[in-house]
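Working notes, structure below.
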Number of protein chains: 2
Amino acid sequence: MIEFREDQPKWQQVAQAIRERIAAGAYRPGSRVPSENDLMQEFGIARMTAHKVMRALREEGAIYTVRGMGSFVSPPGGTEPPVVHTS
Amino acid sequence: MIEFREDQPKWQQVAQAIRERIAAGAYRPGSRVPSENDLMQEFGIARMTAHKVMRALREEGAIYTVRGMGSFVSPPGGTEPPVVHTS
DNA sequence: AGATATTTGTTCGTATGTATC
DNA sequence: GGATACATACGAACAAATATC
């Protein structure tokens with residue numbers, strides 16, 4: 001759990017926590033990151049706040065998202081299209 | 001986009017813009033009007049300001065709103081309850 | 001085929017805090 | 001004090017995509 005500081009928005013602090021886990025290799029390229037529901041539970045935040053976190057990470061290219069599936073760590077390169085199972 | 005005047009609140013100017021579009025028939029009775037998010041984007045305003053716009057239009061009967069769905073142009077009569085699709 | 005659960009996308013409703021005028 | 005305007009953050013509801021059973 002995080003002790004939220006007063007001087008920075010929750011959504012930024014959570015986003016930073018996820019960034020650090022990716023950088024540390026806790027979440028590896030192509031693997032799923034916690035769902036918005038997971039983030040709600042773990043950090044005690046509202047779903048819209050979790051959504052804002054994921055949107056920020058998505059916009060900076062750290063993750064990509066598939067509706068109904070979840071979000072995944074982007075490959076090191078950065079912009080390769082996600083592997084979508086079409087079978 | 002709008003060039004906001006200094007002599008009048010933003011939320012009133014945006015509300016007037018929407019009123020004019022309804023009057024002009026750009027938004028027809030029963031059809032959806034732009035969401036608060038749309039208004040944020042188009043006019044470059046905060047969500048709370050967009051909300052204030054919609055509340056004003058709702059209170060004067062120009063639109064009606066359904067949570068989770070959006071806002072819609074009121075029928076010409078004025079105060080008939082909205083048609084909800086239950087099928 | 002159908003039902004259910006999970007997950008993300010989007011919508012509105014509300015409250016609080018900050019800053020400015 | 002009041003009104004405006006912004007950002008943050010909570011809640012609630014509806015929608016659509018995906019997966020599983």
Side-chain angles (χ1 to χ4, degrees), chain A residues 1-18 27 30-59 62-74 81-87, chain B residues 1-18 27 30-74 81-87:
Chain A
M1 183 59 83
I2 282 190
E3 299 133 37
F4 290 106
R5 291 188 303 268
E6 303 277 337
D7 64 332
Q8 212 176 341
K10 282 185 179 179
W11 70 267
Q12 284 186 19
Q13 296 184 43
V14 175
Q16 186 55 29
I18 304 301
Y27 304 148
S31 73
R32 214 165 83 76
V33 298
S35 70
E36 295 177 355
N37 222 320
D38 293 333
L39 262 45
M40 290 173 62
Q41 299 253 337
E42 178 177 359
F43 296 100
I45 58 178
R47 201 207 143 198
M48 291 313 296
T49 306
H51 190 72
K52 193 170 189 172
V53 169
M54 302 310 269
R55 185 180 50 187
L57 295 173
R58 193 179 322 119
E59 283 174 354
I63 63 173
Y64 60 89
T65 302
V66 182
R67 176 156 33 160
M69 290 284 296
S71 294
F72 306 84
V73 180
S74 295
V83 178
V84 179
H85 303 264
T86 322
S87 66
Chain B
M1 184 59 83
I2 281 191
E3 300 132 36
F4 287 107
R5 292 185 302 272
E6 303 280 335
D7 64 332
Q8 210 176 340
K10 280 186 180 181
W11 70 267
Q12 283 186 19
Q13 296 183 46
V14 175
Q16 185 55 30
I18 304 302
Y27 305 147
S31 72
R32 216 164 80 74
V33 299
S35 69
E36 294 176 355
N37 221 320
D38 292 334
L39 262 43
M40 291 173 62
Q41 297 253 336
E42 177 176 359
F43 296 100
I45 57 179
R47 200 204 143 200
M48 294 309 299
T49 306
H51 187 74
K52 195 169 191 173
V53 169
M54 302 311 267
R55 183 178 55 188
L57 295 172
R58 184 164 49 254
E59 284 173 352
E60 68 193 40
I63 64 173
Y64 61 89
T65 301
V66 184
R67 176 142 60 139
M69 291 290 295
S71 294
F72 306 83
V73 180
S74 295
V83 178
V84 179
H85 303 264
T86 322
S87 65

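Here is how names work: the chains are called A, B, and so on, in the same order as the sequence lines, proteins then strands, and each is numbered from 1.
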Task: B/Leu39 CG to C/dG13 P, straight-line distance once rounded to whole Å - done: 13 Å
Task: Strand-adjacent residues in residues 10-17 of chain B, judged by heavy atoms under 4.0 Å from DNA chain D - done: B/Lys10, B/Trp11
Open item on the list: Nearest 0.5 angstrom please: A/Lys10 NZ to A/Ile2 CD1, how far?
Closed with: 10.5 Å
Open item on the list: Tell me the interatomic distance from B/Asp7, atom CG, to D/dA3, atom P, rounded to whole angstroms.
Closed with: 19 Å
- [ ] Ignoring backbone atoms, establish whether B/Thr49 has a side-chain N or O less than 4.0 Å from OP1 or OP2 of D/dC6.
- [x] yes
TODO: Please report the closest heavy-atom contact between B/Met69 and B/Arg32, naming both atoms and the distance.
DONE: O-NH1, 3.6 Å
Task: B/Arg67 CZ - C/dC12 P separation (whole Å) - done: 11 Å
Task: Euclidean distance, atom CD of residue A/Gln41 to atom P of C/dT7 [Å, nearest integer] - done: 10 Å
Open item on the list: By the 4.0 Å heavy-atom rule, please label A/Arg55 as base, sugar-phosphate, or nothing.
Closed with: nothing
Open item on the list: Under a 3.5 Å distance rule, please check whether B/Gln8 uses its side chain to pair with a backbone N or O of B/Gln13 as donor and acceptor.
Closed with: no
Task: Heavy-atom closest contact (A/Phe4 atom, A/Phe43 atom, distance) - done: CE1-O, 3.5 Å
Open item on the list: Testing the basics here: between B/Thr65 and B/Ser71, what is the closest heavy-atom pair and its distance to 0.1 Å?
Closed with: OG1-OG, 2.7 Å
Task: Shortest non-hydrogen separation from B/Gly61 to B/Ser74 and the atoms involved - done: O-OG, 2.8 Å
TODO: Check whether any side-chain N or O of A/Arg32 sits under 4.0 Å from OP1 or OP2 of C/dT7, and answer yes or no.
DONE: yes
TODO: Between A/Gly44 and B/Gly68, name the one whose nearest nucleotide on DNA chain D is closer to the 5' end.
DONE: A/Gly44
TODO: Counting heavy atoms from C-beta on, name the nucleotide in D/dC10, C/dG9, C/dC12 closest to the side chain of A/Ile45.
DONE: D/dC10
TODO: May I have the distance from B/Met40 (atom CE) to D/dT8 (atom P), rounded to whole angstrom?
DONE: 10 Å
Open item on the list: Return whichever of B/Met69 or B/Pro9 has its heavy-atom-nearest nucleotide of DNA chain D closer to the 5' end.
Closed with: B/Pro9
Open item on the list: Check this for me: A/Gln41, atom CD, are more than 12 non-hydrogen atoms of other residues, nucleotides or ligands nearer than 6.0 Å?
Closed with: no
Task: Minimal non-hydrogen separation, A/Ile45 against A/Leu39, with atom names - done: CG1-O, 3.7 Å
TODO: Compare side-chain N and O positions of B/Asn37 against OP1 and OP2 of C/dT11 and report whether any pair is under 4.0 Å apart.
DONE: yes
Task: Protein-to-nucleotide contact annotation, 5' to 3' order, nucleotides 14-21 of chain C [B base; S sugar-phosphate only; - none; under 4.0 Å, heavy atom] - done: BB------
TODO: Please state whether the phosphate of D/dA9, meaning OP1 or OP2, lies under 4.0 angstrom from any side-chain nitrogen or oxygen of A/Lys52.
DONE: no
- [ ] Could you tell me which residues satisfy ring-ring contact (aromatic ring centres under 6.0 Å, His included) with B/Phe72, sequence neighbours excluded, listed by chain and number?
- [x] B/Tyr64
Task: Whole angstrom value for the distance that separates P of D/dT8 from CZ of A/Phe4 - done: 14 Å
